[in-house]
Amino acid sequence: MTNYLEFEKPLAEIEGKAEELRAMARANKEMDIEKEAAALDRKAETMLRDLYADLSAWRKCQVARHPDRPHCEDYIKALFTEYTPLAGDRNFADDHAVIGGLARLGDVPVMVFGQEKGNDTKSRIDRNFGMARPEGYRKAVRLMDIADRFGLPVITLVDTTGAYPGKGAEERGQAEAIARSTEKCLALRVPLISVIIGEGGSGGAVAFATGNTVMMLEHSVYSVISPEGCASILWKDADKMREAAEAMRLTAQDLKALGVIDRIIAEPVGGAHRARAETIAAVGKALEVELAALAKKKPETLRDERRKKFLGMGAKGLAA
Amino acid sequence: MNWITNYVRPRINSLFSRREVPENLWIKCPECGQMLFHRELADNLNVCTNCDHHMAFSPRERFSALFDNGIFTEVKVPAPVADPLHFKDQKRYPDRLKAAQKATDEAEAMLVAEGEIGRTPIVAAAQDFAFMAGSMGMYVGNAIVAAAERAVKLRRPLVLFSAAGGARMQEGILSLMQMPRTTVAVDMVKEAGLPYIVVLTHPTTGGVTASYAMLGDVQIAEPNALICFAGPRVIEQTIREKLPEGFQRAEYLLDHGMLDRVTHRREMKDELVTILRMLLRETPAVRGDLPAPEPDEIAALDTSAKASADGAGAAKK
């Protein structure tokens, strides 16, 4: 059962009709519908390709948030071996919105972590919908410390709406926790590779994605605030999220043009949620390539290059 | 509607409304409602004389009060790419910038200066909440980088006064990227073995709090300043419960271990001098009037004053 997005409704209709025809044919062996069904399939395929060839910024947001899109845990399970989760910030709690630990990518031992949104009501609540609290960032700092001490490359998988706007999170200093996590990213003497696999929301994303190489999946988004938040502040109307999404330039393509990210990983036609395994494999391949390129560099070079890159961030605007 | 209502009446009104006395002689304290005479308020560093409420203090006013004899030299901040995203909401971003420049008479939301406080040379940066809510875009990033580079070059401490609603949304992802960028900048100061002191003023929120404003060696706040990542309104909407009294205010943060000190604006300068001179392992500051200089000291002062005369001119505005 496919979860259709709002803009995919016409597609849902055609695919539904094809499915109906086939169901009828199964019930009544005399009927020959294969020709019509195949025509509908072709029509659906063309429509899907056309829909995804030129997604608007707001549609990309919807795709990036699609419930069937592969999440952090899916990538870790599929791409890494010997995954050994490490927990806790040694101060207060273990944040279930952030998962990670030691693992091997191919033969290479690495530290991998990211935000996990969960897949059903129970796990979503447990994961706090992928919105970390201060403990999540402090756990990340711990993991990065270990990686730095033992020379392990760090891989982060970013998928979060943003930091959690809660009372406890504020009391326990989430601003400071985010700042320290970003600072730790910048101080590492090992490679840091980040992939925005879904939503890269604000400070919660930056805290994990200040990497030597930052990649984005084709239909993922990365922004300073959610389009809804931006719309309610600048348009005083949260329903203007389409305009806000467009104005903010939050697509992978815009971010590449602005020099904020280094590489776009292509998604199969119809988005990652339609071909999960294929998407995960593409991310794995990109990680291996980038890791091999960074592995040759000296610890000081890795740190200096990362700092230089972010110190120069924003020097380039979009072409007029 | 005719030419009388459209043209004549406004002209007549404008003639009559041109009063000789400047407006806003009296300013109402937003906290206690007391009417305060503007000069008295200015003498008290924009702190309400009745209830001690710390009102907004522009970077220029702050620097005049902070630096010895009000003398400071502005540090030049490179201009960034203008309107990098060609951003337009209900207004065009360049129009919003122009309106803010006109309203504040400042180039952007941060002022950087060098000078002496209690005869201790420092570099200072102050954010201007009156300029588009002090929001952090490329310019503020450039200002912090410039301040940090200057501090490292002159081997001086960096004191930063924060005040911001957060990131400059009109610069989208580039404003977000100022978080790691400014983090690199303040780390350069720290790695050079120089103190980086943050003074959080009302309000400091969002991405600013989650980057350079929370990374000081010493974190000081002005009384009752709102300091947070997510604002109280957003939190109330999310968790649907009333927040406790004083939530996210300076004193609350102090109680929760997020700050070193909460300090009255009147005592801020002395406190900064005291802390900085200890961190720099210098002799205690001389309080009150300095003893009259010896004749040979005067000669030395004369030559150094000439050398710095060009720079000091910039402070007069």
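What you are looking at is a predicted structure, and each value in this text was computed from that prediction instead of being measured. Protein chains get the first letters and strands the later ones, always in sequence-line order, with residue 1 at the start of each.
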Quick one: are B:P244 and A:K167 in side-chain contact, heavy atoms under 4.5 Å? yes
Would you say the side chain of A:I178 lies within less than 4.5 Å of the side chain of B:M179, judging by non-hydrogen atoms? yes
Write down the atom of [X], the atom of [Y], and the distance for their closest heavy-atom approach.
X: A:A179; Y: B:S211; result: CB-O, 3.7 Å
X: B:F229; Y: A:A175; result: CB-CB, 3.9 Å
X: A:S223; Y: B:L176; result: O-CD2, 3.6 Å

Given that the side chain runs from C-beta out, which part of [X] has a heavy atom under 4.5 Å from chain B: side chain, backbone, both or neither?
X: A:L255; result: side chain
X: A:T210; result: side chain
X: A:L250; result: neither
X: A:E171; result: both
X: A:S202; result: both

For chain A, which candidate among [options] shows the most heavy-atom pairs at distances under 4.5 Å?
options: B:V234, B:D187, B:V208, B:L253; result: B:D187
options: B:T238, B:I173, B:T183; result: B:I173
options: B:A167, B:P180, B:G172, B:G141; result: B:P180
options: B:D89, B:V81, B:L174; result: B:D89
options: B:L215, B:I239, B:I227; result: B:L215

Around atom NZ of A:K240, are there more than 12 heavy atoms from other residues, nucleotides or ligands closer than 6.0 Å?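 12 or below, so no.
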After noting the C-alpha distance and the side-chain angles of B:E191 and A:R303, does the key distance pass the salt bridge (charged side-chain N to carboxylate O under 4.0 Å, His left out) rule? CA-CA 14 Å; B:E191 277 158 27; A:R303 179 170 166 278; 3.1 Å; yes
What pairs with A:R172 under salt bridge (Lys or Arg N to Asp or Glu O under 4.0 Å), at least two apart in sequence or on another chain? A:E135
By a 4.5 Å heavy-atom criterion (distance strictly below it), what part of [X] contacts chain A: side chain, backbone, both, or neither?
X: B:Y93; value: neither
X: B:Q90; value: both
X: B:R168; value: neither
X: B:Y212; value: neither
X: B:E236; value: neither
X: B:V145; value: side chain

Could you pull out all residues at least two apart from B:F57 that satisfy ring pair (Phe, Tyr, Trp, His ring centres under 6.0 Å)? none
Could you give me the CA-CA distance, side-chain angles and deciding distance for B:M188 and A:R307, then say whether side chain to side chain contact (heavy atoms under 4.5 Å, CB included) is met? CA-CA 10 Å; B:M188 294 190 313; A:R307 284 168 56 126; 3.7 Å; yes
Can you tell me how far apart CD (B:Q178) and CE (A:M313) are? Round to the nearest 0.5 Å.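 If I round to the nearest 0.5 Å, the distance is 9.0 Å.
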When rounded to the nearest 0.5 angstrom, what is the spacing between OH in A:Y222 and CE in B:M177?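 The CE atom of B:M177 is 3.5 Å from OH of A:Y222, to the nearest 0.5 Å.
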Checking the side chain of A:E170 only, and the main-chain atoms of B:Q248 only, is there a donor and an acceptor separated by less than 3.5 Å?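 Pair absent, no side-chain N/O of A:E170 close to backbone of B:Q248.
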Given A:L258 and B:L85, is the side chain to side chain contact (heavy atoms under 4.5 Å, CB included) satisfied, shown in steps? CA-CA 9 Å; A:L258 285 163; B:L85 306 186; 3.6 Å; yes
Does the pair B:M169 and A:L234 meet the rule for a side chain to side chain contact (heavy atoms under 4.5 Å, CB included), with working shown? CA-CA 8 Å; B:M169 269 174 289; A:L234 292 183; 4.1 Å; yes
Trace of the side chain to side chain contact (heavy atoms under 4.5 Å, CB included) decision for A:R249 with B:F87: CA-CA 9 Å; A:R249 314 276 180 178; B:F87 194 95; over 6 Å; no
So does A:E183 pair up with B:K190, basic N to acidic O under 4.0 Å? yes
